Amino acid sequence: MNGEDNYLGTLYQRFPVNLAKGKGASVWDVNGKEYVDCMGGYGVALVGHCNDRVVEAIKKQAETLITAHMSVYNDTRLEYMKKMAQHAPPGLTKMFFTNSGAESVEAALKFARKFTGKHGVIAMNGAYHGKTFGALSVTHNEKYRKAFMPLLEGVKFVPYGEPAKLEDTIDDTIGAVILEPIQGETGIIVPPDDLLPKIREICNRRNIVLIFDEIQAGLGRTGKMWAGQNWNTTPDIMCLAKGIAGGVPMGLVLTKPEIMDSIKLGEHSSTFGASPLACAAASATLEALTTDGLVDNAAKMGKVFKEKLLALKERHKIIREVRGLGMMLGVELRFEVKDVLLDGISNGLLMLYSGRNIIRLLPPLVMNEATVSRAVEIMDAVLTREEQRRNVT
């Protein structure tokens with residue numbers, strides 16, 4: 001689109017759109033064409049593109065102090081930690097700062113191993129936790145893993161919705177269980193209502209650390225601050241990233257104090273972690289989520305969006321299932337979604353995929369009902385065209 005591919009490898013699935021500007025739930029390309037953004041930077045645009053609070057916080061901090069290593073103190077960082085402590089799940093009082101979701105997962109795996117003294121980890125079929133070596137080791141899809149074997153030893157995968165099989169897999173080597181409360185990459189897979197409480201009970205009884213990867217599902221995305229709240233379940237370690245700082249790269253690991261206290265001086269660190277710039281943006285993001293009511297809006301608009309998608313399902317045989325919570329939604333089709341995504345772009349709508357046949361929707365939580373309706377209208381039109389192409393009647 002603009003010569004980028006001359007300098008890049010073939011590592012990314014590229015969409016034919018060259019974005020130049022964003023505001024709220026909309027983005028514009030270099031030609032000034034507007035798009036409803038249900039891609040949301042793979043969930044990063046959580047509080048909307050160029051959120052006013054975030055922009056102002058970044059401007060102010062950039063003129064004051066951009067970087068300060070964790071080996072020195074900083075009041076902007078402290079302010080953020082105090083704010084996060086007010087909203088963190090009960091008992092998760094210790095924090096470690098990273099720069100991405102994969103880094104958060106890497107830290108969580110190290111912390112769990114150090115605390116338990118056990119190297120074994122149980123992850124879920126369909127799990128996606130990142131592509132660095134530790135995170136990749138607990139990511140299930142073979143297409144990501146195969147070329148980089150061998151990965152971490154001691155990782156075992158079990159079906160996502162079968163806690164009995166999870167418990168049967170536990171042996172003396174297992175120190176941690178890691179899962180997404182809602183699986184994102186696999187297609188917005190919402191667990192049975194009793195799954196997370198059962199896994200929590202098993203981990204308690206077997207003295208195993210439970211890690212929640214809320215990188216995609218956390219921070220209001222599901223209509224509650226934390227996805228685990230939908231099932232009244234709190235982990236021992238929680239991984240965050242994506243939209244945590246309104247678009248600025250940042251990640252965070254929240255842990256129980258006894259887990260963090262097991263890590264000795266120098267055993268884990270991050271050069272860029274908790275920069276004043278990222279912390280200022282993250283504080284503004286928390287204010288947007290809470291003071292501006294974006295968590296509540298995600299619940300309200302997510303319900304509206306899902307209802308409209310279910311109405312689409314009644315009109316389109318090509319749709320197999322609609323699922324999700326809040327503004328984390330999936331539409332499973334009976335055919336591949338590639339042409340639907342490209343048609344969406346042509347008609348002013350950005351959407352994501354999960355696998356070959358699932359549309360994934362991760363819109364900014366600022367979206368209002370008029371914008372939801374516009375997105376669904378475009379989906380209606382492009383699905384109609386897809387059915388005509390495939391002679392679906």
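Note that the coordinates shown come from a computational prediction; the quantities given were computed from them, not determined experimentally.
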Q: For Ser346 and Asp343, run side-chain hydrogen bond (donor to acceptor under 3.5 Å, both in side chains): C-alpha distance rounded to whole Å, both residues' side-chain angles, the deciding distance at 0.1 Å, then the answer.
A: CA-CA 5 Å; Ser346 297; Asp343 268 4; 4.9 Å; no
(Q) Can you classify the ring geometry of Tyr353 versus Phe15 as parallel (below 30°), tilted (30 to 60°) or perpendicular (above 60°)? (A) tilted
(Q) Would the distance check show the side chain of Ser104 and the main-chain N or O of Leu240 forming a donor-acceptor pair, the cut-off being under 3.5 Å? (A) yes
Q: Measure the shortest side-chain to side-chain distance between Pro235 and Leu92 over non-hydrogen atoms and say whether it is less than 4.5 angstrom.
A: yes
Q | Carboxylate-amine/guanidinium contact Asp172 Arg206, below 4.0 Å | A | no
Q | Under the ring pair (Phe, Tyr, Trp, His ring centres under 6.0 Å) test, residues paired with His316 that sit two or more places apart | A | none
Q. Between the side chain of Arg145 and the main-chain N/O of Ser137, is any donor-acceptor distance below 3.5 Å?
A. yes
Q: Could you tell me whether the side chain of Val392 reaches within less than 4.5 Å of the side chain of Arg334, counting heavy atoms only?
A: no
Q. Applying salt bridge (charged side-chain N to carboxylate O under 4.0 Å, His left out), which residue pairs with at least one partner in residues 95-119 are found, sequence neighbours left out?
A. Lys114-Glu267
**Q.** Sidechain-backbone polar pair: Asp171 side chain, Thr173 backbone, donor-acceptor under 3.5 Å
**A.** yes
Q: For Asn99 and Ser270, test the side chains for any donor-to-acceptor distance below 3.5 angstrom and give the result as yes or no.
A: yes
**Q.** Residue of the set Tyr160, Tyr42, Tyr144 for which ring pair (Phe, Tyr, Trp, His ring centres under 6.0 Å) holds with Tyr128
**A.** Tyr144
**Q.** Crowding at CZ, Arg205 (>12 non-hydrogen neighbours, <6.0 Å)
**A.** yes
**Q.** Close side-chain approach of Met328 to Ile188, heavy-atom, < 4.5 Å
**A.** yes
Q.
So that I can tick it off, tell me whether Lys317 and Glu387 are bridged by a salt bridge, with the cut-off set at under 4.0 angstrom between side-chain N and carboxylate O.
A. no
Q: Answer yes or no: is there a side-chain heavy-atom contact under 4.5 Å between Ile189 and Arg323?
A: yes
Output side-chain donor-acceptor pairs under 3.5 Å for residues 300-315, partner residues at least two apart or in another chain, one line each.
residue : atom : partner : partner atom : Å
Lys306  : NZ   : Gly324  : O            : 3.0
Lys308  : NZ   : Ser373  : OG           : 3.4
Arg315  : NH2  : Asp380  : OD2          : 3.2

Q: Would you confirm whether Thr98, through its side chain, and Ser100, through its main-chain N or O, come within 3.5 Å as a donor-acceptor pair?
A: yes
(Q) Any non-hydrogen side-chain atom of Leu365 less than 4.5 Å from a side-chain atom of Val47? (A) no
Q | ILVMFWY network linking Ile244 to Leu254, side-chain heavy atoms under 4.5 angstrom | A | yes
Q: Report whether Phe335 and Val322 are members of the same hydrophobic cluster (ILVMFWY, side-chain heavy atoms less than 4.5 Å apart, transitive linking).
A: yes
Q: Please name all residues satisfying ring pair (Phe, Tyr, Trp, His ring centres under 6.0 Å) with Phe148, sequence neighbours left out, ordered by chain then number.
A: none
(Q) Distance check, rounded to the nearest 0.5 Å: Asp339 atom CG versus Arg390 atom CZ? (A) 6.5 Å
**Q.** Contact list for residues 207-232, test ring pair (Phe, Tyr, Trp, His ring centres under 6.0 Å), sequence neighbours left out
**A.** none
Q: Decide yes or no for Leu219 and Thr285: does some side-chain heavy atom of the first lie under 4.5 Å from some side-chain heavy atom of the second?
A: no
Q: Side-chain contact test, heavy atoms from C-beta onward, threshold under 4.5 Å: evaluate it for Asp52 versus Lys23 and give yes or no.
A: yes
Q.
Which residues pass the ring pair (Phe, Tyr, Trp, His ring centres under 6.0 Å) test with Phe133, not counting sequence neighbours?
A. none
Q | Presence of salt bridge, Arg389 and Glu386, under 4.0 angstrom | A | yes
Q. So, are Lys198 and Asp194 salt-bridged, with charged N and O less than 4.0 Å apart?
A. yes
Q.
Is any side-chain heavy atom of Lys94 closer than 4.5 Å to one of Asp261?
A. yes
Q) Taking 4.0 angstrom as the limit, do Glu79 and Lys83 come out as a salt bridge? A) yes
